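Structure first, commentary second.
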Protein chains: 2
Amino acid sequence: MPASPRSPERRPPTILSIAAAAGVSKSVVSRVMRNEPGVSARSRQRVLNAAESLGYTPNAAARSLVQKRSNNIGVLVTDLHNPFFVEVLDGINRAAAEHGYRTIITTSSRDPLSESHALQQLIELRADAIVLAGPLGLGTELVADVAGRVPVASLEGSIRVPSVDLVLGDDHQGAQLAVEHLAALGHQRIALIDGGTAHAATRRRAGYEDAMRRLGLADQIHVAPGEFTEEGGYQGVHRLFSRPGPRPTAVFASNDLAAIGAINALESLDLRVPGDVSVVGYDNTWLAAMRHISLTTIDQPRPALGEVVVAALLRRIDQAGGEGRHRLLPPRLVVRATTAAPRPQD
Amino acid sequence: MPASPRSPERRPPTILSIAAAAGVSKSVVSRVMRNEPGVSARSRQRVLNAAESLGYTPNAAARSLVQKRSNNIGVLVTDLHNPFFVEVLDGINRAAAEHGYRTIITTSSRDPLSESHALQQLIELRADAIVLAGPLGLGTELVADVAGRVPVASLEGSIRVPSVDLVLGDDHQGAQLAVEHLAALGHQRIALIDGGTAHAATRRRAGYEDAMRRLGLADQIHVAPGEFTEEGGYQGVHRLFSRPGPRPTAVFASNDLAAIGAINALESLDLRVPGDVSVVGYDNTWLAAMRHISLTTIDQPRPALGEVVVAALLRRIDQAGGEGRHRLLPPRLVVRATTAAPRPQD
DNA sequence: ATGAAAGCGCTAACAA
DNA sequence: TTGTTAGCGCTTTCAT
């Protein structure tokens, strides 16, 4: 009888294969693989050789099973299409790597079921900690449950669970910077295009309204419904400019994507930016920096957000428990080409 | 003595805890968790109740250790900043989910060391299959080694390993579509901004050159070095328009990002798009569709690329071995607002 | 329909 | 310095 069908059936080498090939016990192999001391140079070399020639790779499942840790940080990202989260991810990856962790990214479409599946995956993989990134539709209950098993930190402000660390940009202050910048240029009719249901949108709206009031522009407050998308910004402007009464001379969009949509809508209305209308965005993603866009915007320290969130998690990993801390990172105004003084007659 | 320090020490429930709570053996619990038949309705219900109330989640490490499969497909993405890959990822996720697989994304910075680390992670996690997405600096040798252990499919054309499936857009044809479109509008001096080292750039360049020759425009072939980035397109145009001789009337940029950079560079030279110069991009990412950009471009079926790559992997999973197949998906011209006939005097 | 037992590949005492 | 042993949490025969 032929020994085997066409399928090679060649199972990956295990610690035992290496031990046999090197003529030592599997403990020695284990020690070598983990760079532990207490192995003779000769044994070490033989093990290394055997591992190399057999193409040995440790089985993370087996290791994590006994060690009860995976050295992985799971990141649940809901919207990879928004450059903001990709840029935060850069910071997460860097910080994680710096501390000996690797990152596992899972994504979900934006329904709660898909989100909880993705979360479930991270839990089953026994990630040592979990980052929640992006607008989440997850219920507080579920998040609380997860946070009871594994350290969780969130970049989404709507998560209010006692043991979850929150790392956010100070959107309230950022929105004020935007309004103050426009007001300093001489604008008064400054409208906001809202960002929808994400919590950041709420905070930015509040900052906008507070700043307007503080500047004595309370009666100029106008908020158009919108989304954190180009389409949202586009629609927002159309709504804003189709209502009766004097038109805004400046538009503050809730994020860069919406700002780009807003610019386009203004163009479609034959309005020049910034000649007729000034536009400010939020996030300072690479989109805003593109020369064709050159958007005045509020910078969020995106990599720093990622780094801080990892730091929070590391703290929780080696000392479980404790109240969730909230960190607010400062925003910064970045002036580019989409803002200018209003036209004299306005 | 106090029972425990402040750290709860509450280890997650295991199959044994559930068995005890439900008053059955762990085999029964295992069957219930896997939806196997052959369990009495009563037992099943008791197990489900116990699992629910203790918040039980199976340990993927333990399961994958014994099953020798993780139900995960690993995806190595090198450039999440390029929307193209994000959109392909959508297709991968969808197709994987449809077949009972979940996706694990790992990223790397663009150096070979970081890439091989990410790959290593996927192997240690014993992903059932691996997708290589994005420009890779990995050596053939390493990829071949990995492909010997686990099914691998690649979206990067430079990978030439016998057992690796390749799924690519037909860039040669796509580039021809771009050139033909421009030629049909009346353009002759059609320049290409190259895309750098990614293999797709090479294929697009060849398609461009072939089409130019076929159209009798061989002496109009001009290729400026570039990159798959906005900056690359920007620099490319500046190089193109600073050389002596008649200027191009049309620019074909190797991808959408570069096209946007090109448009900006043209604007900085006081040239109108498409009035003075037409621009065509490649990929048809959402960037191209943004109204503010409205780029004529070559569509790649991004979700379909993801779906086909998963299909290839599934085939390999349940029947290892076999030569790598190469699939080429057809591109499609999408005409938007950045192309028009050349000026009469040109 | 259920349970007992072996073992997946590894680490972590412990013994030698 | 090395080897032996006992699990980690689960699935999978094999009995019952």
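Each chain gets a letter, A, B and so on, in the order the sequences are listed, and its residues count up from 1. Quick caveat, the model's predicted, so the values are computed rather than measured.
Side chains of B/Ser30 and B/Arg34: a donor on one and an acceptor on the other come within 3.5 Å. Judged by distance alone, the side chains of A/Asn93 and B/Thr107 do bring a donor and an acceptor atom under 3.5 Å apart. In the model, B/Glu156 has a side-chain atom that pairs as donor or acceptor with a side-chain atom of B/Ser158 under 3.5 Å. Checking A/Ser43 against A/Ser40 by side-chain atom types alone, a donor-acceptor pair falls below 3.5 Å. Counted by atom type alone, B/Ser114 and B/Ser109 present one or more donor-acceptor pairs between their side chains at under 3.5 Å.
The residue A/Arg34 sits close only to the backbone: its heavy atoms come under 4.0 Å of sugar-phosphate atoms, none of a base. Across all strands shown, B/Thr14 has heavy atoms under 4.0 Å from sugar-phosphate atoms exclusively, and none from any base.
When each of B/Leu65 and B/Gly23 is assigned the nucleotide of DNA chain C bearing its nearest heavy atom, the one mapping closer to the 5' terminus is B/Gly23.
Note that the two end axes of the helix from C/dA1-D/dT16 to C/dA16-D/dT1 enclose an angle of 40°, each drawn from 5 base pairs, rounded to 10 degrees.
Proximity of residues 36-53 of chain A to DNA chain C (heavy atom under 4.0 angstrom from any strand atom) is not detected for any residue.
Here C/dA12 presents its P atom at 14 Å from CE of A/Met33, a figure rounded to the nearest Å. Taking atom CG of residue A/Asn71 and atom P of nucleotide C/dT11, one finds them 11 Å apart after rounding to whole Å. Computed from coordinates, the A/Ile15 CD1 to C/dT11 C1' distance equals 8 Å when rounded to whole Å. The separation between B/Glu124 atom CD and C/dG9 atom C1' is 13 Å, rounded to whole Å. Note: NZ (A/Lys68) to C1' (C/dT11) measures 11 Å, nearest angstrom.
Between the CD1 atom in A/Ile159 and the CG atom in A/Asp165 there is a gap of 12.5 Å [rounded to 0.5 Å]. With rounding to the nearest 0.5 Å, the separation of CG in B/Asp145 from OG1 in B/Thr140 is 12.5 Å.
The environment of B/Arg327 atom CZ is sparse: at most 12 non-hydrogen atoms of other residues, nucleotides or ligands sit within 6.0 angstrom.
Side-chain N or O atoms of B/Arg316 include one that pairs as donor or acceptor with a backbone N or O of B/Ser163 at under 3.5 Å. When atom types are taken as modelled, the side chain of A/Ser70 and the backbone of A/Arg126 share a donor-acceptor pair closer than 3.5 angstrom. Side-chain atoms of A/Arg149 come within 3.5 Å of backbone N or O of B/Gly55 as a donor-acceptor pair.
Side-chain N/O atoms of B/Ser25 and base N/O atoms of C/dA4 include no donor-acceptor pair closer than 3.5 Å.
Contact footprint of chain A on DNA chain D: nucleotides with an atom under 4.0 Å from a non-hydrogen protein atom, first to last in 5' to 3' order, D/dT1 to D/dG9.
Between B/Lys26 and C/dA4 there is no side-chain polar atom (N or O) within less than 4.0 angstrom of OP1 or OP2.
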